[in-house]
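What you see below is based on every heavy atom in this structure, not just the backbone, and it leaves out hydrogens, waters and symmetry mates.
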There are 2 protein chains.
Amino acid sequence: MVCKNFEQNYKQEMRAVQDSMDVLSGKWKISILSSICFYNKRRFSDILADIDGISNKMLSKELKELEVNKLVKRTVLDTQPVTVQYELTKHGLSLKTIIKELTDWGIRHRKEIIGK
Amino acid sequence: MVCKNFEQNYKQEMRAVQDSMDVLSGKWKISILSSICFYNKRRFSDILADIDGISNKMLSKELKELEVNKLVKRTVLDTQPVTVQYELTKHGLSLKTIIKELTDWGIRHRKEIIGK
DNA sequence: CAGGATCCTATACGATACTG
DNA sequence: CAGTATCGTATAGGATCCTG
């Protein structure tokens with residue numbers, strides 16, 4: 001039998017995990033974070049080139065969401081024409097472990113499903 | 001300057017992380033996994049009750065996908081009427097760390113955005 | 001270069017009713 | 001109980017073109 005506090009905790013954990021997924025799910029978010037993280041600072045057009053198949057519309061939209069969620073910082077550089085640089089915030093960097101583990105798990109998963 | 005092998009690796013990591021997200025993203029997957037994981041074994045109707053807002057259609061659909069991806073195991077119990085039990089496979093259990101970290105990060109994220 | 005606007009399709013998801 | 005079927009809406013995402 002499971003006690004009340006236990007169940008209470010469990011509900012909170014469910015909510016927390018949902019919160020994370022709300023921010024991270026979607027087809028491109030993690031790839032975008034990976035790209036920026038890998039290069040430390042990265043311009044719009046570079047990210048666009050890094051990620052196979054993404055459209056400028058989606059990149060723009062996702063970057064905005066990531067910015068709202070304080071995961072990336074956007075800096076307009078004073079160049080001609082204008083370039084925009086993205087980098088991870090401290091909060092964004094705190095995702096590094098998770099991204100790493102998702103990477104490892106993804107490799108294992110591919111083996112599990114296709115390989116063997 | 002970033003060398004070729006480095007970039008090669010990076011592309012593979014991007015693919016791996018995408019593979020993971022393909023399996024885990026969606027509104028309900030992680031909640032379902034959490035529910036089953038928390039109770040070890042869990043019946044369809046119990047999971048349905050655990051997760052606030054999910055419809056039986058979605059639960060059924062998501063469980064099928066999780067089964068195809070070898071994350072959960074489905075067992076029909078010989079009762080009257082029939083009950084069906086779900087549990088995590090070994091592969092499914094290997095997500096435990098990630099789920100834990102997503103939970104912790106979700107809590108921190110909520111503080112970052114709303115709280116302080 | 002960095003995006004916004006527009007148009008379009010596919011899928012995700014919800015609600016409800018039904019069945020073995 | 002554990003789904004399936006059906007119908008409907010909303011959102012995600014793609015393609016293309018446009019602008020400061």
**Prompt:** Which residue lies toward the 5' end of DNA chain C, A/P81 or B/I54, if each is placed at its nearest nucleotide?
**Reply:** A/P81
**Asked** Is the A/Y10-B/Y39 ring centre distance short of 6.0 angstrom?
**Response** yes
**Fill in**
Separation of C/dA12 atom C1' from B/M21 atom CE, nearest Å, is 16 Å
**Request:** Please check the phosphate of C/dA2 (OP1 and OP2 only) for any side-chain N or O of A/R74 closer than 4.0 Å.
**Result:** no
**Asked** Of all the nucleotides listed (D/dC1, D/dG14, D/dT4), which has the minimum atom distance to the side chain of B/R43?
**Response** D/dC1
**Prompt:** Given atom CD of B/Q80 and atom P of D/dA2, what is their separation to the nearest angstrom?
**Reply:** 12 Å
**Request:** For B/E101 and A/L95, indicate whether the former's side chain and the latter's backbone hold a donor-acceptor pair under 3.5 Å.
**Result:** no
**Distance, rounded to the nearest Å, where A/M58 contributes CE and D/dA15 contributes P** = 12 Å
**Message:** Closer than 4.0 angstrom, basic N to acidic O: yes or no for A/D104 and A/R108?
**Reply:** no
**Prompt:** Looking at A/K57, does any N or O in its side chain come under 4.0 Å of the phosphate oxygens OP1/OP2 on D/dG13?
**Reply:** no
**Request:** Without swapping roles, check the side chain of A/K11 against the backbone of B/D50 for a donor-acceptor pair under 3.5 Å.
**Result:** yes
**Prompt:** Is it true that B/E62 and B/K29 have a side-chain N and a carboxylate O under 4.0 angstrom from each other?
**Reply:** yes
**Asked** When you check the phosphate oxygens OP1 and OP2 of D/dT4, does a side-chain N or O of B/K64 lie under 4.0 Å from one of them?
**Response** yes
**Message:** Rounding to an integer number of Å, can you tell me how far B/F44 CZ sits from D/dA2 P?
**Reply:** 7 Å
**Asked** What's the CG-P distance between A/L59 and D/dA15, to the nearest Å?
**Response** 15 Å
**Prompt:** Roughly, in whole Å, what's the span from CG in A/D52 to P in D/dG13?
**Reply:** 16 Å
**Distance, rounded to the nearest Å, where A/Q85 contributes CD and C/dA2 contributes C1'** = 14 Å
**Request:** Taking only the side-chain nitrogens and oxygens of B/Y86, find out if one of them lies under 4.0 Å from OP1 or OP2 of D/dC1.
**Result:** no
**Asked** Looking at B/K27, does any N or O in its side chain come under 4.0 Å of the phosphate oxygens OP1/OP2 on C/dG14?
**Response** yes
**Spacing between B/D22 atom CG and D/dA12 atom P, to the nearest angstrom** = 17 Å
**Asked** Does A/S60 have a side-chain nitrogen or oxygen under 4.0 Å from the phosphate oxygens OP1 or OP2 of C/dG4?
**Response** yes
**Item:** A/S45 vs C/dA2: side-chain N/O to OP1/OP2 distance below 4.0 Å
**Value:** yes
**Prompt:** Choosing from C/dT16, D/dA2, D/dG14, which nucleotide comes nearest the side chain of B/N56?
**Reply:** C/dT16
